[in-house]
Amino acid sequence: MAEDRMRADCAMDEEGVAGGGAVGEGDVAAVGGAAGEHDAVPAGSAPAATPTVPAPAVPAWRTAVNLWRAAAGIRWRLVVALVASLLYVGFSLSAPAYSAHIIDLLWENIQRSFADGTPFAVTLENGGREILIYLGIWTLAWGFYSVQVMVMASFAEQLNLLLRRRIAAKLGALPLSYYDAHQPGDTISRATNDLDKVSEVLQRGLLQLIIAATMLVGALIMMARYSLALTGVFAVCVVGAFVVTKILAGRTLKISDARQAAVGELTVRVEEAYSGRAVIKAFGRERASLEAMRDAADELARTSSIADFITTSAAPAVRFLVRISLVVIGVMAGGMLIAGQITVGVFQAFFQYVNQGSEPLTQLSMTCNMLQGALAAAARVFALLDEGEVVPDPTEPAHLPVGSAGRVTFEHVRFGYDADRPLMRDVSLVAEPGQKVAIVGATGAGKTTLINLLMRFYEIDGGRIALDGVSTRDLTRADLRRRFGMVLQDAWLFEGTIAENIAYGRPESTREEIEAAARAARVDFFVRTLPDGYDTMLSNEAESISQGQRQLLTIARAMLSDPAILILDEATSSVDTRTEQAIVEAMETLVHGRTSFVIAHRLSTIVDADLILVMEAGTIVEQGTHEELLAAGGPYAELYRSQFA
């Protein structure tokens, strides 16, 4: 669990460890990876990540307000798209009315020609001009429709980009407690699937909703100009359609939220199956892993089928109501035409308006349900963005002297991952400059927690931690962490060349400096045996090289960064005995004159430590040199004898 905590902070903390090396602007000097499994801390550990479950539904209006606020700076695009949409609706509504004028004009001219016994022909003066104007109306409508489509697509993608940037910044500002409680796949799903859902619906749905609503209102107004009775029939259909849509929309929001949660859960399972594939195969758990993914996929299929059914079921119901209204309107309008109450042009224009009003009814029902799905996805995104952040750096931070000695003090420190279950109640220690301080204890004793507090990966609940007399709370995280170098048990490498990985903490290093650090870490010979040498590309998994070779590269990274204080967490655990001896010799040179903290399980590696801290249940129960602790006959002596009995 501590491994997960350290890995999360290594990967995400905006001013903290980025997985390796002293990273210029204040990252930790040399991170080999996540702190090992030393620190399960059953009594006060951070909570384990829980399966993805739907969060309580957030009111749709609140999510819409959040989206509006997030669109600051690009709202003009939405305004342009809105104006273009309204103009498109205006021209679309004017076309049927003008077509009624054209048909009545042509019908009158045809009847006159028939009475005169002359052939009828459309000329520029005899209806042709009106037809060209009619064509121009539809051309303008098409032009404005194209404008709103392009501008709205741009708006949706820009909003998507802004939210992705906010998420990227947020992930760096979240405390480790967030990563303790959330599965990586769920967070990935919020930053990818949920945002894509929002973008897709914004491009296709938002303006479609506006167009459909304005088109429907406009069509009703235009119909009312011709016949209130016929318009009343269609209005009854509209009311029925709104009732159906309202009923379905409420259910859509809930099931859409469940569907997005199911997407997150499936992403979690896939991520776990990929990252843990070696362990899964080693324990023969392929079938169980497959079953877990199948269950997650089945749940996604179930929720998706329900959501899709509810979303699409509105359209047939609305179309059924529209068809009934068309039959009634057709009978009534036919009688009015025969009675001479309306003209042929008005008759066909009215049915055009019925079509223009009925299609928006169908679109409104479907679009409202689509928007409910988008709002559910957006609510998950904003839930992430609304998470609490790390304590901000002081506005007027203290500054360590350029040549800081590296004196570390813990003064009556209190801490617990859960406020109601304290882990450390009164921890005090002093590490003098240049001392080698070893931290030992059983799994879960609190060793890595001690390092986490020193690095301010977590905030202490009481007491004081100081570096060269300056409280770590008074320093910026960047200034604090640039003083440290870390080589951890789980060696972390990123995608890039071997040279880039070694120079992670000092990107400006020359090739000669990189190679010198590699030689000191006893890895230069191995690198030169590779076809591309120091230009060999690696990935984070780096399965082309052994775990021991990965560890050697992280040690070279630490050597190149040249930090003031070193933290070594079983740094030689993944190398053979002969390589370990060479590494220990190189490390002795590296730690000379520097304060160093060594987390160790093999006590043979720390017998020369200036100070050994023995921890149990988050408390330092013994401290002293190897000889002093053996003579005391306490927990350290018992642990030492158990290893060398």
Side-chain angles (χ1 to χ4, degrees), residues 1-12 19 33-37 39-42 45-57 167 171 174 176-197 253-310 373 376-377 379-381 383-384 387 417 443-444 489-490 492 495 539-543 547:
M1 196 174 304
E3 178 177 354
D4 292 335
R5 291 195 296 273
M6 184 73 81
R7 180 179 293 112
D9 200 76
C10 288
M12 298 297 183
E37 62 274 4
D39 210 17
V41 195
S45 62
T50 56
T52 305
V53 294
I167 289 176
L171 293 177
L174 288 171
L176 283 181
S177 57
Y178 173 84
Y179 298 102
D180 293 334
H182 292 79
Q183 296 276 14
D186 181 57
T187 302
I188 292 171
S189 181
R190 292 173 192 253
T192 53
N193 298 327
D194 291 334
L195 275 182
D196 288 341
K197 178 76 171 177
L253 181 60
K254 294 180 181 179
I255 193 63
S256 295
D257 189 48
R259 174 167 59 181
Q260 294 306 117
V263 172
E265 179 65 16
L266 180 59
T267 307
V268 167
R269 297 304 173 193
V270 173
E271 189 272 338
E272 285 182 347
Y274 179 79
S275 60
R277 59 192 180 280
V279 176
I280 291 172
K281 290 181 179 295
F283 285 90
R285 298 286 295 175
E286 294 95 336
R287 183 178 295 277
S289 176
L290 179 61
E291 287 295 332
M293 279 195 289
R294 183 181 290 116
D295 290 343
D298 289 344
E299 177 62 17
L300 176 58
R302 186 188 69 82
T303 55
S304 295
S305 62
I306 296 174
D308 291 340
F309 173 77
I310 294 176
R380 283 168 45 85
V381 173
L384 170 60
E387 289 284 345
Y417 292 110
T443 298
Q489 190 173 37
D490 187 10
W492 183 88
E495 186 171 351
S539 66
N540 181 31
E541 297 293 333
E543 293 186 346
Q547 180 66 23

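The analysis underlying the following values was restricted to heavy atoms, covering all of them including side chains, and did not include hydrogens, waters or symmetry mates.
At distances below 3.5 Å, at least one donor-acceptor pair connects side-chain atoms of Tyr179 with backbone N or O atoms of Leu171. In this structure, Ser304 contributes its side chain and Leu300 its backbone to a donor-acceptor pair below 3.5 Å.
Of the charged side-chain nitrogens involved, none lies within less than 4.0 Å of a carboxylate oxygen, so that Arg287 and Glu291 do not count as a salt-bridged pair. Salt-bridge annotation for Asp298 and Arg302: absent, with no side-chain N of the basic residue lying under 4.0 Å from a carboxylate O of the acidic one. Residues Arg269 and Asp295 are not paired through a salt bridge, judged by the lack of any N-O separation under 4.0 Å between the basic side chain and the carboxylate.
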Starting from the C-alpha separation in whole Å, work towards a yes-or-no answer on side-chain contact (heavy atoms from CB on, under 4.5 Å) for Glu265 and Asp186. CA-CA 6 Å; Glu265 179 65 16; Asp186 181 57; over 6 Å; no
Decide side-chain contact (heavy atoms from CB on, under 4.5 Å) for Arg259 and Lys197; before the verdict, give the C-alpha distance in whole Å, the side-chain angles of both, and the deciding distance to 0.1 Å. CA-CA 12 Å; Arg259 174 167 59 181; Lys197 178 76 171 177; 3.6 Å; yes
For a side-chain contact (heavy atoms from CB on, under 4.5 Å) check, start with the C-alpha distance between Thr267 and Thr192, then their side-chain angles and the critical distance, and finish with the verdict. CA-CA 10 Å; Thr267 307; Thr192 53; 6.0 Å; no
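What you find for Val381 and Arg190 is that their closest heavy atoms are CG2-O, 3.5 Å. Shortest non-hydrogen contact noted between Met293 and Leu266 is O-CD1, 3.8 Å.
Taking the side chain as every heavy atom from C-beta outward, Leu174 and Leu384 approach each other to under 4.5 Å.
The line from CD of Glu286 to CD1 of Ile280 is 8.0 Å long, rounded to the nearest 0.5 Å.
The side chain to side chain donor-acceptor pair (under 3.5 Å) search around Ser189 returns Asn193, not counting sequence neighbours.
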